[in-house]
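Data first, discussion second: the structure below is written as C-alpha cells.
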Amino acid sequence: MMAGFASDFRDGVDINLGVGYVNEDTIPADRIRVAFDEVLDNTDRYRQTLNYGGPTGSQVLIDSIRCFLIDNAIGGLDADTLGRKEIIIGPNGASSLLESLAYVLPKGIVITADPMYYIYTDFLVRNGFELLTVPEDAEGLQTELLAAKIAALGPRADEIRMFYVVTVNNPSCVILSNARRRELVDIAGELSGRLGRKAPVIFDRAYEDLIHDPQVEAPQSALRYDPEEIVYEVGTLSKVLAPALRIGYMIGAGGAFLRAMVQRTSDAGFSAPQITQSLSSWLLDHQIVAQLRSVRAGYRGKALAVRAWIDERLGDGIENVSGGQAGFYFYLTFRDIETHEESDFFKYLTRTTGRPDIDGAPGARNPRVIYIPGEHCVNRNGELADVGRRQLRLSYGFEGLEAIDRAIELMQQAAAYARESA
Ligand SMILES: Cc1ncc(COP(=O)(O)O)c(C=O)c1O
C-alpha cells in the first residue's frame, strides 16, 4: 500500500500521515557534521572507524549507551543493574535485532498486544511463527486476559517462544504501565518455571525516550527485577537522533541466547557500520540531553495541536482516541465510519472514488492523505478484527503542522462523504 503511494507522492501536495518517519527538524544535522570531524580526528578513542567492526558492537558506543541510561536514570536503571547485563548492537537498527530473534528462537507462538506492531508481526507470521494477541486497554496489554489465554492453551503453552511487547505501542502509542510490566514478567517467569526453560520477554522501547507528556509516570525498566533473567530490552537511536544512523541495541543477561544473537549479527555482516557507531557514541556523550529536551518539546507541541483538531473536526464520529502522550501517533476508533482500503473514507482521501468532483481531473488529482488503516494493525484472527475496520493510525511525526491541519480538514470531509454514501 505504502509503496504504491510513495511512487507517485507529490511533495507539498499529498500529505503522508502514514509513515513512521521522524520529523526532519528533529535530526541534529549540524551536530552530526561536528561529530564526523571529532570522530575522524580522534583515532585513539574512535578506533578504525572506517574499517569493519565486529559482531557485538563498538565498545565506545556500548559504553556511551550504558552512560546515557545510567546518567539519565532511564527506566530507573543504575550502574548496579546494568553491571549485570550486556549490551549488543544490531546490524541495522532495532529492526534487525527483532529480525534476528526469529532466527535464533525456534518456531512457535509469540505473545504480543493487539493492536500490534504489524511490520514485525507480519514478518513473524511470514516466517512461520504463530501470534497470540492480547487486546490492550489504557494501561497496555491486559495481563489478566494474558493469563487466561495462556491457561486456555493447555499443553500448547509449551510452544510459546517469546513475549514481544512494545512499551509505547505502535500503532496506539498506549504506554505500558509499570504495574502491567511487572505482571507480565511475573507471568512469563511463572511460565518459564513450568516449562523448565526460559520464555524471554522482549520489551521494545523504541518510543520510550519520547514520552513527552509530563503527567506520565516514569517508566521503570523490568531489567531491575528479573530474577529469572528472562527480560531483554530492545532500543533504538532512530527516534531521538536519526534513523539513518541505524543504531539499535539490546540489553539483557549474558548467556546462550545473547551469544546466539551476536552470532546472528556476525552472519548478517557485523553490527552497524563503525562510523555510525562512533558518531552515535559522540552524540550520546555530548548532545543527548539537549536533544531529548528539544525532540520531546517538538512532539509535545504537535501532539496538543493535532489532538485539538481531531476533537474539533472528527470528534462527533469518534469512539476512542489513544496516543498524544508519547511517540508521534494517534490511533483513532470511529463509531461507524470504516477506514479500510475499500471504504469510502479511504477512497475519498486517496482520490479513488471515481467522482471527478472529488478526485480531481486526470493528471491533476486533488491532494491525497495517507494513513495506516486499522485493519493492518490488528490481528485479523483476533478479537479486534472487526473494530480494526473502523480504526486508523495517524502519524504527526513526519509532516509539519500546516500539512496535518489540512489533512485533518480533508479527513472531516472524507467522514462526511462516507456518511452520505452509507
Ligand atoms: C515499535 C518499533 N520497533 C522498532 C522500530 C525500528 O527501529 P529502527 O529504526 O531502529 O530499526 C520501529 C520503527 O518504527 C518501531 O516502531
Side-chain angles (χ1 to χ4, degrees), residues 2 6 16-24 26-27 57 61 65 68 87-102 110-124 131 133 136 140-141 162-176 181 201-211 219 232-251 261 264-265 268-269 271-273 276-277 279-280 283-284 288 295 299 322-323 325-331 371-372 376-379 393-399:
M2 298 296 288
N16 198 338
L17 305 186
V19 278
Y21 283 23
V22 304
N23 189 270
E24 287 276 316
T26 67
I27 299 175
L61 175 58
I65 291 174
F68 158 64
I87 300 178
I88 62 171
I89 310 296
N92 189 19
S95 307
S96 63
L97 288 164
L98 298 179
E99 185 200 33
S100 296
L101 292 168
V110 174
I111 293 180
T112 195
D114 207 5
M116 54 195 189
Y117 178 38
Y118 72 97
I119 291 177
Y120 183 47
T121 51
D122 283 0
F123 162 78
L124 287 172
L131 300 177
T133 51
E136 64 179 14
L141 183 149
M162 68 165 166
F163 297 76
Y164 168 72
V165 180
V166 186
T167 59
V168 174
N169 198 9
N170 179 357
S172 63
C173 273
V174 165
I175 302 167
L176 183 69
R181 260 180 222 240
V201 188
I202 314 295
F203 287 105
D204 180 339
R205 58 181 311 283
Y207 297 91
E208 208 174 292
D209 297 323
L210 275 189
I211 295 179
Y232 295 86
E233 285 193 349
V234 172
T236 177
L237 300 186
S238 291
K239 310 294 175 186
V240 292
L241 280 169
L245 294 168
R246 305 312 299 132
I247 300 297
Y249 58 90
M250 184 167 178
I251 315 174
M261 289 292 289
R264 162 67 195 151
T265 300
S271 59
T276 68
Q277 297 200 51
L279 296 174
S280 302
L283 290 162
L284 284 175
I288 196 66
V295 177
Y299 289 127
S322 68
Q325 297 183 295
F328 40 69
Y329 306 124
F330 280 107
Y331 194 65
Y371 60 83
I372 304 288
H376 295 302
C377 305
V378 297
N379 181 356
R393 188 191 80 175
L394 174 163
S395 168
Y396 55 90
F398 179 64
E399 295 279 9

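Atoms within each ligand, like the ligands themselves, are counted from 1 in listed order.
Of the inter-residue distances, the one linking Ile87 atom CD1 with Met250 atom CE reads 12.0 Å to the nearest 0.5 angstrom.
Annotation for ligand 1: atoms under 4.0 Å from non-hydrogen atoms of Asp204 are 1 (C), 2 (C), 3 (N), 4 (C). Those atoms of ligand 1 that come under 4.0 Å of a heavy atom in Gly93, given as number and element, are 10 (O), 11 (O). Taking every heavy atom of Ser238 and a limit of under 4.0 angstrom, the matching atoms of ligand 1 come to 8 (P), 9 (O), 10 (O). Against a heavy-atom cut-off of under 4.0 Å, Val166 is close to the following atoms of ligand 1: 1 (C).
Taking the six-membered ring for Trp and thresholds of 30 and 60 degrees, Tyr207 and Tyr329 have ring planes more than 60 degrees apart, a perpendicular arrangement. Classified by interplanar angle (parallel below 30°, tilted 30° to 60°, perpendicular above 60°), the ring pair Tyr120/Tyr117 is tilted. Ring orientation note: the planes of Tyr396 and Phe328 are nearly perpendicular, at an angle over 60° on the 30°/60° scale.
The protein non-hydrogen atom at the shortest distance from atom 6 (C) of ligand 1 is Ser95 OG, 3.3 Å. Scanning all protein heavy atoms for the shortest distance to atom 12 (C) of ligand 1 gives Tyr117 OH, 3.2 Å.
In terms of polar-atom proximity, defined here as any N/O pair under 3.5 Å, Arg246 does make such a contact with ligand 1. Inclusion of Lys239 in the set of residues having an N or O under 3.5 Å from an N or O of ligand 1 is warranted.
For the pair Phe398 and Asn23, the tightest heavy-atom approach, listed with the atom from each and the gap, is O-ND2, 3.2 Å. Residues Leu61 and Ser280 approach most closely at CD1-CB, 3.8 Å, considering heavy atoms.
Of the listed options Tyr120, Tyr164, Tyr207, Tyr207 places a heavy atom closest to atom 16 (O) of ligand 1.
Only side-chain heavy atoms of Ala206 come within less than 4.0 Å of ligand 1; its backbone N, CA, C and O stay farther off. Both the backbone and the side chain of Ala94 come within 4.0 Å of ligand 1, judged by heavy-atom distances.
The only option from Val234, Thr112, Val166 that meets the side-chain contact (heavy atoms from CB on, under 4.5 Å) definition with Ile202 turns out to be Val234.
Ligand 1 does not have Gly248 within reach: every non-hydrogen atom of the residue lies 4.0 Å or more from it.
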As a quick check of understanding, evaluate side chain to side chain contact (heavy atoms under 4.5 Å, CB included) for Ile88 and Leu97, giving each step before the final call. CA-CA 9 Å; Ile88 62 171; Leu97 288 164; 4.2 Å; yes
